[in-house]
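Note that the numbering runs from 1 along the sequence shown for the chain. Being a predicted model, the structure only gives us computed values, none of them experimental.
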Amino acid sequence: PLCSNNNPYASFGATLARDEEQNLWSTPHDVTHTEADDDRVLYNMIVVRNQLDKDSEEWQKLNYDIYTLRQTRKEVRSRWKHILEDLGFQKEADSLLSVTKLSIISDSQNMGKARDILLKLSEETNIFPTSWELSERYLFVVDRLIALDAADEFFKMASVVYPKRPGGERADNSQKTPQ
């Protein structure tokens, strides 16, 4: 038996730990999880970290790297959501960004155009951090934008809100000059 006593909450901590390990994108219970390459990298980091002693320097470093990767993913998703909302997709932004194992490309003929737009976003804007490897998840999002005839507007808005700057600096309000 999983629980030797009659306390229904005895396995609660174990459930949270499992949920946290399965959460490869950003927050617990994230239903947009997909089995992409970058997910496997994060998953492998979590597996290695969990085999180490929590007091070890290696555990602390891996834990920090996992946290940093998740925060970066959250920030990128937030940037995309911000642009979608600015384009008028306030109610649809979360569903447009939701990518699961069951997600499909709406039209196989859009695949090339979606890849081109995603690459252009990566090269000509700062919507992704400079060290970011393009994620398959955003290919699905761009495909949805193409189907809605909003991909070009999205790119234009991303170019304005997150323009490419020398040295990788962002032009948005999140980096304010110290006073």
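- Annotation: the span from Glu85 atom CD to Trp80 atom CH2 amounts to 14.5 Å, rounded to 0.5 Å.
- Taking each heavy atom of Thr125 and Lys164 in turn, the nearest pair found is O-NZ, 3.4 Å.
- Of all heavy-atom pairs between Arg70 and Ile46, the closest is NH2-CD1, 3.3 Å.
- Without hydrogens or angle criteria, Ser78 side chain to Lys74 main chain gives no donor-acceptor distance under 3.5 Å.
- Distance check, rounded to the nearest 0.5 Å: CG of Asp65 to CD of Gln60 gives 12.0 Å.
- Here the closest non-hydrogen pair linking Arg79 and Pro129 is NH1-N, 4.0 Å.
- No donor-acceptor pair closer than 3.5 Å links the side chain of Ser56 to the backbone N or O of Leu52.
- One finds the NZ atom of Lys81 at 8.0 Å from the CG atom of Leu97 (value rounded to the nearest 0.5 Å).
- Residues satisfying the side chain to side chain contact (heavy atoms under 4.5 Å, CB included) test with Asn63, not counting sequence neighbours, are Arg49, Trp59.
- Residues passing the salt bridge (Lys or Arg N to Asp or Glu O under 4.0 Å) test with Lys113, sequence neighbours excluded: none.
- Atom CG of Leu87 and atom CE of Met157 lie 4.5 Å apart (nearest 0.5 Å).
- Taking each heavy atom of Leu118 and Leu139 in turn, the nearest pair found is CD2-N, 3.9 Å.
- Under the 4.5 Å side-chain criterion, counting only non-hydrogen atoms from C-beta, Val76 is in contact with Tyr138.
- Looking at Thr72, its side chain does come within 3.5 Å of a backbone N or O of Thr68 through a donor-acceptor pair.
- Tyr64 and Ile66 are members of different hydrophobic clusters when ILVMFWY side chains are connected at heavy-atom separations under 4.5 Å.
- Take Asp55 and apply the side chain to side chain contact (heavy atoms under 4.5 Å, CB included) test, not counting sequence neighbours, and it matches Asp53.
- By the 4.5 Å heavy-atom criterion applied to side chains, Leu84 and Asp94 are not counted as neighbours.
- The minimum heavy-atom distance linking Ala158 with Leu121 is given by the pair CB-CD2, 3.6 Å.
- In this structure, Lys120 has no salt bridge (Lys or Arg N to Asp or Glu O under 4.0 Å) partners at least two apart in sequence or on a different chain.
- Residues Phe128 and Tyr162 place their aromatic rings such that the two centres sit no closer than 6.0 Å.
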Do any side-chain atoms of residues 142-156 form donor-acceptor pairs under 3.5 angstrom with protein atoms, and if so which ones, sequence neighbours left out?
from: Asp143; atom 1: OD1; to: Ser106; atom 2: OG; distance (Å): 3.2
from: Asp143; atom 1: OD2; to: Ser106; atom 2: N; distance (Å): 2.7
from: Asp143; atom 1: OD2; to: Ser106; atom 2: OG; distance (Å): 3.0
from: Arg144; atom 1: NH1; to: Ser95; atom 2: O; distance (Å): 3.4
from: Arg144; atom 1: NH1; to: Leu96; atom 2: O; distance (Å): 2.8
from: Arg144; atom 1: NH1; to: Ser98; atom 2: O; distance (Å): 2.6
from: Arg144; atom 1: NH2; to: Ser98; atom 2: O; distance (Å): 3.0
from: Arg144; atom 1: NH2; to: Ser103; atom 2: OG; distance (Å): 3.3

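- In this view, Asp86 and His82 satisfy the side-chain hydrogen bond (donor to acceptor under 3.5 Å, both in side chains) rule, not counting sequence neighbours.
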